[in-house]
Novice: 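Below you will find the structure I want to go over with you.
Proteins get letters first, then strands, A, B, ... in listed order; numbering begins at 1 in each.
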Number of protein chains: 2
Amino acid sequence: MKKSLQVTNYRYPLGYGTSLATCRHSYFFPKNPRYYYIFLEALEGITCLLTWNIITGGERMRALWRGSISFGLVNVPVKMYAATERKSLSFRQIHKTCGTPIRYEKVCPFCNRKVEDDEIARGYEYEKGKFVVIEEKDLESIPDETTRTIDIVDFVDLAEIDPVYFDRSYFLGPEETGQKAYLLLFEALKKTGKIAIAKVMIRSKQHLACVRPYGENRLVMETMFYPDEVRDAGEIPISPGVKLHENEIKMAVQLIDSLSADFRPEKYTDEYRKAMLDIIRAKVEGEEIKVPPGREEKVVDLMEALKASLEMVEKEKRKGPGVKRKKAATS
Amino acid sequence: MKKSLQVTNYRYPLGYGTSLATCRHSYFFPKNPRYYYIFLEALEGITCLLTWNIITGGERMRALWRGSISFGLVNVPVKMYAATERKSLSFRQIHKTCGTPIRYEKVCPFCNRKVEDDEIARGYEYEKGKFVVIEEKDLESIPDETTRTIDIVDFVDLAEIDPVYFDRSYFLGPEETGQKAYLLLFEALKKTGKIAIAKVMIRSKQHLACVRPYGENRLVMETMFYPDEVRDAGEIPISPGVKLHENEIKMAVQLIDSLSADFRPEKYTDEYRKAMLDIIRAKVEGEEIKVPPGREEKVVDLMEALKASLEMVEKEKRKGPGVKRKKAATS
DNA sequence: TTTATGGGCGAAAGCCCATAAA
């Protein structure tokens, strides 16, 4: 049975987190009560939920992995933090008639009944429709040389790596004992202009990764795709015999130049996300939703379009600073 | 009742895919039978499952979006292809007692029964435990200026964009009618050394993205995180007062130089994935699984470690050519 | 709690749910 949490009272922050005075209902009991002992003592045997953000007290970013960078024979103990967080809206599936969120039930189509987790094994499909059951202990025999280490294997230039290789980004923070080695790696990378290529195991998956300096004194790690995970662009069909006129290229280059700017990411916002939120808010408050008009079609001839684009950009520039460039076709 | 598929026979490849001669059991019927007509005709009314990879036959990359790049008033119609594919091993959940793959059934915990798809709506959780139902038509009122267009807003230098911004990569291929404009954009980007920053809607999500030249004559698009989705590395705790010795930096730089190489991605392979596959293969063939030994511990003192590392690298280099490491590269 | 991963789903890609880890 699920019960809800009641936190009535905070007390002195102490060490890692904040202790609580009272807590009435039970919910879940952590396997590793490392951060909970004060609380548990205070409650003398009452099993309690502590929500993690209360436990970690104020700490906005939580380490999701700990280990160390291995750089030659130098070891740099680090914590890993997610560098990005998706803000896209997510929805639940709702049962129309009663408004309840849908749940998934695991069923066996052969036995035609619900199946509990302890009746389930992991199977690898080695041949269409044929599965071998793989147990945890089978995989234990794999040499885990890189467990808990970010193993640097090479140093290369960042510009050499095509962005298609980049997967996820993580900030690395130094552990207390590794502050100096961390800074040393940062400074040395900065000085040489190199980035480190590394191998790292994160939760039973081996990643190719790179470690590079970020900002004033931080390190960031990108996990990377293996080369066989990057597809060959050559497979995309393209006509070989297309010729361009000198003049077309010249105009296109001119157009690019006139639209060149510095990369200032704060300029770009997710307008669709905002619009969705507005609609949702309106719906929650029972308002009407207005429908705006559509947009016009675009010019088609290449040279005409290039000329018209250039003229448009020029005209807008003449309007002077402070004017934001508008969409071409809407007008 | 669910039935399985039996494909007994392939026939002449024809147009988009490959048609099949016979198929005995029914399974699911696609809403859009565009690619199925030959097959369906051949079977005269028998409803059949065609797994997609059979249908698409030899075509390895399938376009997952079509639209056009809008560059000033120039329009470049393109198809979009995933540039990467994860090769990590995946497993199915298997019912232990009968070996059947598990399926999910959508249930309503309140009504306590199975729920069909047409009884399900999308709900946004605007407050803990409270949902507003959002219908497709609610979102239609959002101005979809960028629908089906990759709307170029700026041109910037690739080097200005920190890799943490990159999310997913997609190759763009020209539509038949847009070969010339496609090549023009490619050439102009190549010539100016710029990349295009764009906005694009993909499946009711607006993305920030960049378009850049790739290889000989292809364009690639990376979707990007919005700035508010990139966290502030400054939040990572770090000790301010750490000092490094000149000598330590010198040695670390030397170590990096001696481990510098060109980025040759084909050097790196997923050994863990391979090891897993070996074990699976062994299991399929009924072999024994061997357990290899562990590895040694590492040196701890920073200066000692740097020295020892340099010596180690030097020694390996003296072993002569054929060794993986390359000489320290330029600047 | 958040975050990542695993896994199923109407093809796929990405969305969704559930669970594990920290």
Novice: Between P on C:dT3 and NZ on A:K87, what's the gap in Å once rounded to a whole number?
Specialist: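 Roughly 10 Å, once rounded to whole Å.
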Novice: Check this for me, if you would: do B:E175 and B:R66 make a salt bridge, where the nitrogen-to-carboxylate-oxygen distance has to be below 4.0 angstrom?
Specialist: yes
Novice: Taking NZ, NE, NH1 and NH2 as the nitrogens, is one of them in B:K87 or B:D270 under 4.0 Å from a carboxylate oxygen of the other?
Specialist: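 The answer is no: the pair does not qualify as a salt bridge.
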Novice: Is it true that B:E116 and A:K96 have a side-chain N and a carboxylate O under 4.0 angstrom from each other?
Specialist: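 The answer is no: the pair does not qualify as a salt bridge.
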Novice: Verify the distance criterion only: is there a donor paired with an acceptor across the side chains of A:T84 and B:E229 at less than 3.5 Å?
Specialist: no
Novice: Among all residues two or more places apart in sequence or in another chain, which pass the ring-ring contact (aromatic ring centres under 6.0 Å, His included) test with B:Y214?
Specialist: B:F171
Novice: Verify the neighbour count for atom NZ of A:K114: are there more than 12 heavy atoms of other residues, nucleotides or ligands below 6.0 Å?
Specialist: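 Atom NZ in A:K114 is not packed in, count stays at 12 or less.
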Novice: Under 3.5 Å between N/O atoms: give me all the protein pairs with nucleotides 13-16 of chain C, atom names plus distance.
Specialist:
residue, atom, partner, partner atom, Å
C:dG14, OP1, B:Y170, OH, 2.5
C:dC16, O3', A:Q93, NE2, 3.3

Novice: Requiring both pairing distances under 3.5 angstrom, list the stems that contain DNA chain C and are made of three or more consecutive Watson-Crick or G-U pairs.
Specialist: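 Paired runs of 3+ in DNA chain C: C:1-9 with C:14-22.
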Novice: Taking the C1' atom of each, how far is C:dT5 from C:dA11, in whole Å?
Specialist: 24 Å
Novice: In terms of side-chain geometry, is the basic nitrogen of A:E125 or A:K130 positioned less than 4.0 Å from the acidic oxygen of its partner?
Specialist: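 No, A:E125 and A:K130 are not salt-bridged.
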Novice: Rounded to the Å, how far apart are B:F131 CZ and C:dC17 P?
Specialist: 9 Å
Novice: Roughly how far apart, to the nearest Å, are C:dG10 and C:dC17 at atom P?
Specialist: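 Between the two P atoms, the distance is 14 Å.
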Novice: When the distance from OH of A:Y81 to C1' of C:dA4 is rounded to whole Å, what number comes out?
Specialist: 17 Å
Novice: Below 4.0 angstrom, N of the basic side chain to O of the carboxylate: do B:R218 and A:E235 qualify?
Specialist: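 No.
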